Amino acid sequence: MLQSVLISKHIYGEAVAFLRESVRVDYHDSDEGLPARDLRQRLSGKAGLVCQLTDRVDAPLMDAAPGVKVISNVAVGFDNIDIPAATERGIMCTNTPGVLTNTTADLAFTLILAAGRRLGEAERYLRAGRYKQWRVDLLTGWDIWGATLGVFGMGRIGQAVARRASGFNMRVLYYDPFRQSERVERELGVEYVPKDELLVQSDFVTLHCALTPETRHLISTGELQLMKPTAVLVNSSRGPVVDEAALADALATGTIAAAGLDVYENEPHVHPQLLELENVVIVPHIASASIRTRTRMCMLAAENMLAGLAGRRPPNILNPEVLE
Ligand code: DGY
């Protein structure tokens, strides 16, 4: 008998069709995720779950569906899944790295440019009919070309951002608990510095770390106070890496100059003060949102699922110890 898989929310059709070639699919084809109780009910009796970062996949959900062998997240981040709980239960978990690296780096760089050059504010200014004449100091911002960029997290996406920065003649500093080899540092043209040093020296700080207990509120009042008053903070990693209330306060009081945000502490909720501030560019978690990349992410999630269900090693397994 064919195994059954639940897809918790709308994904690209190619991936659904691909799954249907090999398994029975229970597809919740909706942009609204399933409420926790419905997710538990629908998952019962299934062998796999294709989920998204809006689904909370915790131990009670896993216990409600003891037949589940594979949990396949359509995202590179996986803080929505309790991996240790899955490992304890022998469930394979997978994510979608690689395919979204450049698209995500593009958006991080877009935010660097947009926040540094006050793009959101400038557009609002013009749309509001306030552009009456050119002025020498109209909406002047901060140069990206030749500035110092601090990259927190030098994984795939951090590296892709560093590569873009070289085209802007930026000095690139980075901090990561895992230092890259000298060869990689040379190839990327990046300098390793302690976390505080990065904050003190950088004109732009961009975050590319996973959300873990160690990185929750990595940037809070103390860190913001170390930054230059002209500095710009960009976050396209996970919202809780930044203490949003502290950031709103720092932006309102001039502790730092501007911010570009793709992610928020309690999505889809955004701290109300951020919505009021001119010096923050805010977009709704779209870093990987190109049609090609999102399609690839869905396909990769489907491939991971089918490999796991077929007893093969999924290409992007997060907890390989369950295979031992
Ligand atoms: C991810 O993949 O983790 C992003 O946040 C969604 O693209």
Side-chain angles (χ1 to χ4, degrees), residues 7-12 14-15 30-33 49-58 70-83 86 92-112 114 151-161 164 176 206-219 233-242 244 259-270 281-305 314-319:
I7 304 174
S8 66
K9 201 171 169 181
H10 177 75
I11 61 173
Y12 276 91
E14 291 93 314
S30 161
D31 292 332
E32 302 295 323
L49 170 65
V50 176
C51 55
Q52 299 184 28
L53 53 86
T54 41
D55 296 313
R56 191 173 157 68
V57 184
D58 54 13
V70 185
I71 294 168
S72 176
N73 214 28
V74 187
V76 68
F78 48 87
D79 47 283
N80 57 311
I81 304 175
D82 186 341
I83 304 284
M92 292 173 251
C93 298
T94 65
N95 67 340
T96 60
V99 292
L100 47 65
T101 301
N102 282 309
T103 306
T104 303
D106 282 351
L107 194 277
F109 221 87
T110 303
L111 289 175
I112 290 171
V151 181
F152 260 107
M154 197 41 89
R156 292 184 194 83
I157 299 170
Q159 292 185 25
V161 171
R164 282 154 178 75
D176 191 304
T206 184
L207 307 177
H208 300 288
C209 48
L211 175 62
T212 64
E214 292 74 40
T215 61
R216 184 172 292 272
H217 284 193
L218 179 81
I219 303 294
L233 177 71
V234 167
N235 188 13
S236 57
S237 60
R238 282 292 182 266
V241 172
V242 175
E244 214 164 88
L261 304 175
D262 180 47
V263 288
Y264 307 91
E265 260 197 277
N266 301 299
E267 288 180 24
H269 175 80
V270 179
V281 176
I282 41 178
V283 295
H285 204 148
I286 55 165
S288 63
S290 74
I291 297 164
R292 186 172 70 159
T293 291
R294 285 283 165 86
T295 305
R296 286 179 168 175
M297 288 165 66
C298 295
M299 283 303 285
L300 192 51
E303 282 162 29
N304 281 323
M305 172 60 67
N316 307 108
I317 185 144
L318 293 164
N319 52 352

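Indexing begins at 1, ligand by ligand and atom by atom, following the structure's order. Start at 1 with the first residue, then count along the sequence. Hydrogens, waters and symmetry mates are skipped; everything else that's a heavy atom, side chains included, is used. Remember, it's a predicted structure, so these values are computed and weren't measured experimentally.
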Chemist: Ignoring hydrogens and angles, state whether a donor on the side chain of Glu32 or Ser30 is under 3.5 Å from an acceptor on the partner side chain.
Modeler: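 There is no such pair (donor and acceptor under 3.5 Å, judged by atom type) between the side chains of Glu32 and Ser30.
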
Chemist: Keeping the roles fixed (side chain from Asn304, backbone from Asn316), state whether a donor-acceptor pair exists under 3.5 Å.
Modeler: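 At least one qualifying donor-acceptor pair exists.
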
Chemist: Mark yes or no for whether Ser290, through its side chain, and Thr293, through its backbone, hold a donor-acceptor pair below 3.5 Å.
Modeler: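 At least one qualifying donor-acceptor pair exists.
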
Chemist: Check each protein residue for a heavy atom under 4.0 Å from ligand 1 and list those that pass, ordered by chain and number.
Modeler: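 Within 4.0 Å of ligand 1, the protein residues are Leu53, Ala75, Val76, Gly77, Leu100, Arg238, His285, Ser288, Arg294, Met297.
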
Chemist: Verify the distance criterion only: is there a donor paired with an acceptor across the side chains of Thr103 and Ser288 at less than 3.5 Å?
Modeler: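 Side-chain D/A pair, Thr103 to Ser288: absent.
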
Chemist: Is it true that His217 and Glu265 share a donor-acceptor pair across their side chains at a distance under 3.5 Å?
Modeler: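 Result is yes, a qualifying pair exists.
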
Chemist: Which of these passes side chain to side chain contact (heavy atoms under 4.5 Å, CB included) with Asn73: Asp79, Thr94, Asn80?
Modeler: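 Running side chain to side chain contact (heavy atoms under 4.5 Å, CB included) over Asp79, Thr94, Asn80 with Asn73 returns exactly one hit, Asn80.
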
